[in-house]
**Q** 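Pasting a structure here, questions to come.
Everything quoted here is computed from the prediction, not taken from an experiment. Naming: A, B, ... by sequence-line order, numbering from 1 per chain. FYI, side chains are in, hydrogens and waters are out, and symmetry mates aren't considered; it's all heavy atoms of this structure.
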Protein chains: 2
Amino acid sequence: MARSASLPEPWASVGDQLRARGQRWTRQRDAVVGVLSRTQGHITGAELLARCRQVDASVVPSTVYRTLAALEELGLVRHGHGASGREEFHVGADTEHGHLHCDSCGRQWEIGKEKADAIAALFQADGFQVDRSHVTIVGRCRDCLRARKD
Amino acid sequence: MARSASLPEPWASVGDQLRARGQRWTRQRDAVVGVLSRTQGHITGAELLARCRQVDASVVPSTVYRTLAALEELGLVRHGHGASGREEFHVGADTEHGHLHCDSCGRQWEIGKEKADAIAALFQADGFQVDRSHVTIVGRCRDCLRARKD
DNA sequence: ATTAATGCAAACGGTTTGCACTACT
DNA sequence: AGTAGTGCAAACCGTTTGCATTAAT
């Protein structure tokens with residue numbers, strides 16, 4: 001299959017990277033990568049599947065999950081856990097981030113490096129090495145606190 | 001059904017608390033509460049189910065989950081999320097705690113109040129109110145770091 | 001031609017539901 | 001007697017698997 005269409009790096013070269021490992025570049029993987037390239041931060045497997053289907057109705061769950069596994073081996077995504085308990089994939093150049101999740105409105109924000117480091121530092125004394133990409137902090141965002149003071 | 005057998009508070013009075021709300025005290029709920037009273041920290045629904053079955057083989061999933069919902073309304077348990085992504089129930093007088101989870105050996109430790117507060121403080125400036133009982137930090141514990149330096 | 005990847009369908013695990021039945025109050 | 005709670009079975013959701021088929025190399 002042809003090289004993936006003019007996507008920003010690191011996505012443009014995914015096909016080549018896969019081939020270099022004896023793996024293959026397919027129409028379905030192109031669809032998955034296309035969606036991921038337009039995703040900032042994080043996405044669940046189910047969400048990714050749904051969005052891929054809009055692009056290419058033939059994409060099935062197994063393909064999405066197998067492709068995610070392949071991309072994870074390339075270091076292009078990392079899996080972590082969202083507040084809902086669902087598995088989540090961190091996407092983008094900076095996959096090393098956690099999430100701030102509002103319990104009320106469901107919106108999410110990434111946790112910046114400084115704060116992730118601050119959290120990691122808290123547990124360093126215990127000899128515990130924090131995986132920054134797995135940090136999920138749940139609570140109420142400013143807007144929701146203002147909206148309903150219950 | 002009879003009052004629950006000499007359990008430490010707050011479990012001993014669960015039956016009365018339920019009845020006061022027009023709800024009922026049953027053999028199955030006694031089994032669930034019995035297990036919870038012997039649980040420190042946290043437990044998943046599935047785990048709780050398994051342990052209840054050892055006590056009373058007739059306990060079925062729906063009963064466990066419905067009972068957990070009832071107990072949550074009484075404030076005796078709170079649900080949060082474990083590192084595996086599974087729903088987890090925080091048990092005990094101090095339900096306000098997060099978890100430190102070792103990715104490698106699977107062991108968990110509670111996060112103390114001071115550290116939970118420190119984490120909450122990090123996001124206070126953003127106007128974000130952290131739910132301390134939902135905090136789960138994943139990484140590698142001291143022992144596993146020592147064991148395999150990969 | 002080789003063999004990685006796909007599509008399907010079935011199975012998984014944990015959880016939730018509808019409903020007739022049981023048993024607490 | 002009234003009705004909350006139960007047990008069952010089926011459905012749910014997201015994810016994973018086996019296997020025959022397709023298609024990238």
**Q** Which is more 5' along DNA chain D, the nucleotide nearest B/Thr67 or the one nearest A/Gly45? Just name the residue.
**A**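 By nearest-heavy-atom nucleotide position, the 5'-most residue is B/Thr67.
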**Q** Round to a whole Å and report the spacing from CZ of A/Arg51 to C1' of D/dG14.
**A**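 Atom CZ in A/Arg51 sits about 17 Å away from atom C1' in D/dG14.
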**Q** If I take atom CG in residue A/Leu18 and atom P in nucleotide C/dA5, what distance separates them, rounded to the nearest angstrom?
**A**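 Atom CG in A/Leu18 sits about 7 Å away from atom P in C/dA5.
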**Q** Do the side chain of B/Thr63 and the main chain of B/Val59 share a donor and acceptor less than 3.5 angstrom apart?
**A**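 Such a contact is absent between B/Thr63 side chain and B/Val59 backbone.
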**Q** Given D/dT16, is OP1 or OP2 found less than 4.0 Å from the side-chain N or O atoms of A/Arg66?
**A**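 Checking A/Arg66 against D/dT16: no side-chain N or O falls below 4.0 Å of OP1 or OP2.
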**Q** B/Glu73 has an atom CD; how far is it from atom C1' of D/dA4, in whole Å?
**A**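 For the pair B/Glu73 CD and D/dA4 C1', the rounded distance is 13 Å.
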**Q** Whole angstrom is fine here: how far is it from CD in B/Gln28 over to C1' in C/dT22?
**A**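 It is 10 Å, rounded to the nearest whole Å.
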**Q** With respect to the phosphate group of C/dA23, does any side-chain polar atom (N or O) of B/Arg24 fall under 4.0 Å of OP1 or OP2?
**A**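 So the side-chain polar atoms of B/Arg24 never come under 4.0 Å of the phosphate oxygens OP1 or OP2 of C/dA23.
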**Q** Choosing from D/dT16, D/dG14, C/dG7, which nucleotide comes nearest the side chain of A/Val60?
**A**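 Of D/dT16, D/dG14, C/dG7, C/dG7 is nearest to the side chain of A/Val60.
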**Q** A/Ser58 side chain N/O closer than 4.0 Å to the phosphate oxygens (OP1, OP2) of C/dG7?
**A**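 Result: yes.
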**Q** When you check the phosphate oxygens OP1 and OP2 of C/dC24, does a side-chain N or O of B/Gln23 lie under 4.0 Å from one of them?
**A**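 For B/Gln23, the contact criterion (side-chain N or O under 4.0 Å from OP1 or OP2 of C/dC24) is not met.
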**Q** If you check the B/Ser62 side chain, which of D/dT16, D/dA9, C/dG14 turns out closest?
**A**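 Out of D/dT16, D/dA9, C/dG14, the nucleotide with an atom closest to B/Ser62's side chain is D/dA9.
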**Q** Need one value for A/Arg29: base, sugar-phosphate or nothing, where a base atom within 4.0 Å counts as base even if backbone is also close, heavy atoms only.
**A**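 Sugar-phosphate, backbone atoms only, no base.
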**Q** Show your working on side chain to side chain contact (heavy atoms under 4.5 Å, CB included) between B/Lys113 and B/Asp117 and close with a plain yes or no.
**A** CA-CA 6 Å; B/Lys113 188 184 179 326; B/Asp117 286 347; 2.7 Å; yes
**Q** Rounded to the Å, how far apart are B/Arg27 CZ and D/dT6 P?
**A**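 One finds 10 Å between P of D/dT6 and CZ of B/Arg27, rounded.
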**Q** Is there a side-chain polar atom (N or O) of A/Thr26 under 4.0 Å from OP1 or OP2 of C/dA4?
**A**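 Answer no for this pair, as no side-chain N or O of A/Thr26 is under 4.0 Å from OP1 or OP2.
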**Q** Hey, does the side chain of B/Thr63 come within less than 4.0 Å of D/dG7's phosphate (OP1/OP2), counting only N and O?
**A**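 Yes, within the criterion.
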**Q** Find the distance B/Leu68:CG to C/dG14:P and express it as a whole number of Å.
**A**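 It works out to 15 Å between those atoms.
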**Q** Please test A/Arg27 against A/Asp56 for side chain to side chain contact (heavy atoms under 4.5 Å, CB included), starting from the C-alpha separation and ending with a verdict.
**A** CA-CA 9 Å; A/Arg27 189 161 62 82; A/Asp56 182 338; 2.5 Å; yes
**Q** Which atoms form the tightest heavy-atom contact between B/Pro10 and B/Gln17, and what is the distance?
**A**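 For B/Pro10 and B/Gln17, the tightest heavy-atom pair comes out as O-OE1, 4.0 Å.
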**Q** What is the separation between atom CH2 on B/Trp25 and atom C1' on C/dT22, rounded to the nearest whole Å?
**A**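 The answer, rounded to whole Å, is 18 Å.
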**Q** Roughly how many Å is it from CG in B/Asp30 to P in D/dA4, rounded to a whole number?
**A**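 Rounding to the nearest Å, CG of B/Asp30 and P of D/dA4 are 21 Å apart.
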**Q** Any Lys/Arg nitrogen of A/Asp16 or A/Arg19 sitting under 4.0 Å from an Asp/Glu carboxylate oxygen of the other?
**A**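 Salt bridge between A/Asp16 and A/Arg19, a charged N being under 4.0 Å from a carboxylate O: yes.
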